[in-house]
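Numbers here simply count residues along the sequence, with the first being 1.
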Amino acid sequence: HVQLVESGGGSVQAGGSLTLSCVASGWSMKTQCMGWFRQAPGKEREGVGAIDSDGQIVYADSVKGRFTLSKDNTKVALDLDKLRPEDSGMYYCAAGCWAPALTPRAFTVWGQGTQVTVS
């Protein structure tokens with residue numbers, strides 16, 4: 001019933017920027033706890049950032065100061081700036097958390113992912 005769709009991924013040079021977007025059908029994102037995760041081949045899925053219904057945001061230390069998470073009633077966006085090769089991976093949008101968290105188990109709904117490659 002609920003579907004999340006990510007977009008905005010691509011291939012960029014180190015130091016460049018991308019903006020990822022996640023849209024959802026079925027509910028208003030502004031009232032939802034949302035998160036972004038990423039996963040590189042052979043590695044565990046890791047939290048990038050999460051935002052709750054009150055706008056409280058948590059970021060992974062590895063992206064703090066470079067990535068910016070925002071949310072309104074239609075989408076959740078992740079602005080990726082000053083990208084590094086180690087930022088490469090499949091980026092996933094997630095929803096359903098009860099508090100902002102960087103753990104996948106805190107989320108119940110996931111998108112299909114969008115690929116980010118930094119060279």
N/O donor-acceptor pair under 3.5 Å between T114 side chain and Y91 backbone
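The answer is no, because no donor-acceptor pair under 3.5 Å joins these two groups.
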Can you tell me how far the [atom1] atom of [X] sits from the [atom2] atom of [Y], to the nearest 0.5 Å?
X   : Y    : atom1 : atom2 : result
Y59 : L102 : OH    : CG    : 11.0 Å
Y92 : F37  : OH    : CZ    : 12.0 Å
C22 : M34  : SG    : CE    : 4.5 Å
S62 : D87  : OG    : CG    : 7.0 Å
K82 : S17  : NZ    : OG    : 9.5 Å
L20 : R38  : CG    : CZ    : 11.0 Å

side-chain contact (heavy atoms from CB on, under 4.5 Å), that's the test. Do T74 and V23 meet it? Break it down for me.
CA-CA 6 Å; T74 62; V23 296; 6.0 Å; no
Distance-minimising heavy-atom pair for T108 and G96
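For T108 and G96, the tightest heavy-atom pair comes out as OG1-CA, 3.5 Å.
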Is [X] linked to [Y] within one hydrophobic cluster, defined over Ile, Leu, Val, Met, Phe, Trp and Tyr using a side-chain heavy-atom separation of less than 4.5 Å?
X    : Y   : result
F67  : L18 : yes
W36  : I57 : yes
L69  : M90 : no
F107 : V63 : no

Contacts under 3.5 angstrom, residues 4-14 side chains, donor-acceptor by atom type, not counting sequence neighbours:
from: E6; atom 1: OE1; to: Q112; atom 2: N; distance (Å): 3.0
from: E6; atom 1: OE1; to: Q112; atom 2: NE2; distance (Å): 3.3
from: E6; atom 1: OE1; to: G113; atom 2: N; distance (Å): 2.8
from: E6; atom 1: OE2; to: C93; atom 2: N; distance (Å): 2.6
from: E6; atom 1: OE2; to: G113; atom 2: N; distance (Å): 3.3

Please examine the side chains of L80 and V116, heavy atoms only from C-beta on, and report whether any two atoms are closer than 4.5 Å.
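They are in contact (side-chain heavy atoms under 4.5 Å apart), so the answer is yes.
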Which residues satisfy the salt bridge (charged side-chain N to carboxylate O under 4.0 Å, His left out) test with R84, sequence neighbours excluded?
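By the salt bridge (charged side-chain N to carboxylate O under 4.0 Å, His left out) rule, R84 matches no residue at all.
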When the side chains of residues 47-55 are checked against the rest of the protein, which donor-acceptor pairs come out under 3.5 Å, sequence neighbours left out?
from: D52; atom 1: OD1; to: D54; atom 2: N; distance (Å): 3.0
from: D52; atom 1: OD1; to: G55; atom 2: N; distance (Å): 3.0
from: D52; atom 1: OD1; to: Q56; atom 2: N; distance (Å): 2.8

